[in-house]
Amino acid sequence: MTDKAIDATTVSTVWHSMQTTCKEMRHLLDRCCQNFLISQLHDVSVGIWAADGQTVAVPVGLPPQFLGGQYAVSELVEKFAGNINPGDVFLSNDPYHGGHSSHLPDWAFFRPIFHEGELVFFTMVRAHQQDTGGSFPGGYFPNGYDIHAEGICIPPTKVVDAGRERTDVMELVWNNVRFPDGVRIDNYAMIAATKMCEQRILGLIESYGRDTVLACVEQMLDRTERAVREEIRKIPDGVYKAEAATDDDGTELDVPVWCRVDITIKDDEMTVDFSRSDKQRKGFVNSVYAASYGCASAAIVMTFDPELGDYHNAGSMRPIEIIAPLGSVINSGYPATVGASPVNMGVQIMEAVLDALSQARPERA
């Protein structure tokens, strides 16, 4: 990016413009989607990421859906290196193969945003579809043999190529879900929201210039990092432990599944370690790393100054390391089922992190 110094008013204007753009995207979905889960329950998340995958703006949404979006964007950039062009749109819902979805019903559409031939940002809309195929309607099946029983797994796939819809690819997807007409309506609304974001970002660049906007983003990231480091300094150094369990994994009943966390505070840095958690289970409560990262991040920032609530981005997480060994219920490996993970283990992750940090900052509990 650039080292150009920018005045505080311009930084604030660019920052709030991106926040407002995200809110407009959500409003578009409210008006256009026919799926009750999206339009009424707001089971949807949107955001803006830098060209390298760093999170820039994620003001409102569901933690397991989008706070780990940096991993999805980064892997998309790697997979399609040299084949990302203006007018492209990508679709994914696969938790394991580059999509970093929390579970299969959460489909994400990604749009790269170019200015004068240079990739400058990505935008993403992720929302819970009314069906995603699989053994039962809705995408929840506690006794699934593997994730393929839960629905169609879509790795990052180009569905619009330089402005031209790849109709055969979309029809292949819709042919593998129940209620394809409704899913089609919702998908087009999601794509439209990414297009609106592109228009707003390009308008912002037209007003202030690309270098200025990118410099503002750098300041945004640095400011949130400094603010979070200051919050961590307020926590006494030490190791704080907690645990939380769900009743069972949905398949093996009445056998609790445990999330255990050790949070280490040292100066202005925090390490959140889930290594003592249970191994991944047969039932559908397993959580992949991106979703667990999102839930843990959300729980952490809930203990910080509420004034920071709308401004978290990649800078917020620079002082924080989240550890979850592969093969655990907090970082399951393919082909483990994950249908219930946004609630279980998502809620348990947040409960354990909040319990641990409440020992250090009871006034924030």
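Quick note: numbers below take in every heavy atom, side chains included, and nothing from hydrogens, waters or symmetry partners.
- V301 and L354 fall into different hydrophobic clusters, where Ile, Leu, Val, Met, Phe, Trp and Tyr side chains are chained together by heavy-atom contacts under 4.5 Å.
- Residues F141 and F136 place their aromatic rings such that the two centres sit under 6.0 Å apart.
- Tracing side-chain contacts under 4.5 Å through hydrophobic residues (I, L, V, M, F, W, Y), one reaches V11 starting from I201; they form part of the same cluster.
- For an aromatic pair to be called close, the ring centres must be under 6.0 Å apart, and F36 with H128 fails this.
- A donor-acceptor contact shorter than 3.5 Å links the side chain of T251 to the backbone of P142.
- Linking ILVMFWY residues whenever their side-chain heavy atoms come closer than 4.5 Å, directly or via other members, places V257 and Y289 in the same cluster.
- Ring pair H100/Y71 is tilted by interplanar angle, where 30° to 60° counts as tilted.
- When the side-chain contact (heavy atoms from CB on, under 4.5 Å) test is applied to A242, the partners found at least two apart in sequence or on another chain are V261, D355, A356, Q359.
- Clustering ILVMFWY residues whenever any of their side-chain heavy atoms sit less than 4.5 angstrom apart, transitively, puts M124 in a cluster other than the one holding V56.
- For the pair I349 and A296, the tightest heavy-atom approach, listed with the atom from each and the gap, is CG2-N, 3.7 Å.
- With W174 as the fixed residue, the ring pair (Phe, Tyr, Trp, His ring centres under 6.0 Å) test singles out one of Y188, W107, F179: Y188.
- In this structure, the ring of H148 has its center less than 6.0 angstrom from the ring center of Y334.
- Cluster annotation: M270 is not connected to L221 through the hydrophobic network of ILVMFWY side chains, with a link wherever side-chain heavy atoms come within less than 4.5 Å.
- The ring pair (Phe, Tyr, Trp, His ring centres under 6.0 Å) test with F90 singles out one residue from F110, F109, F80, and that residue is F80.
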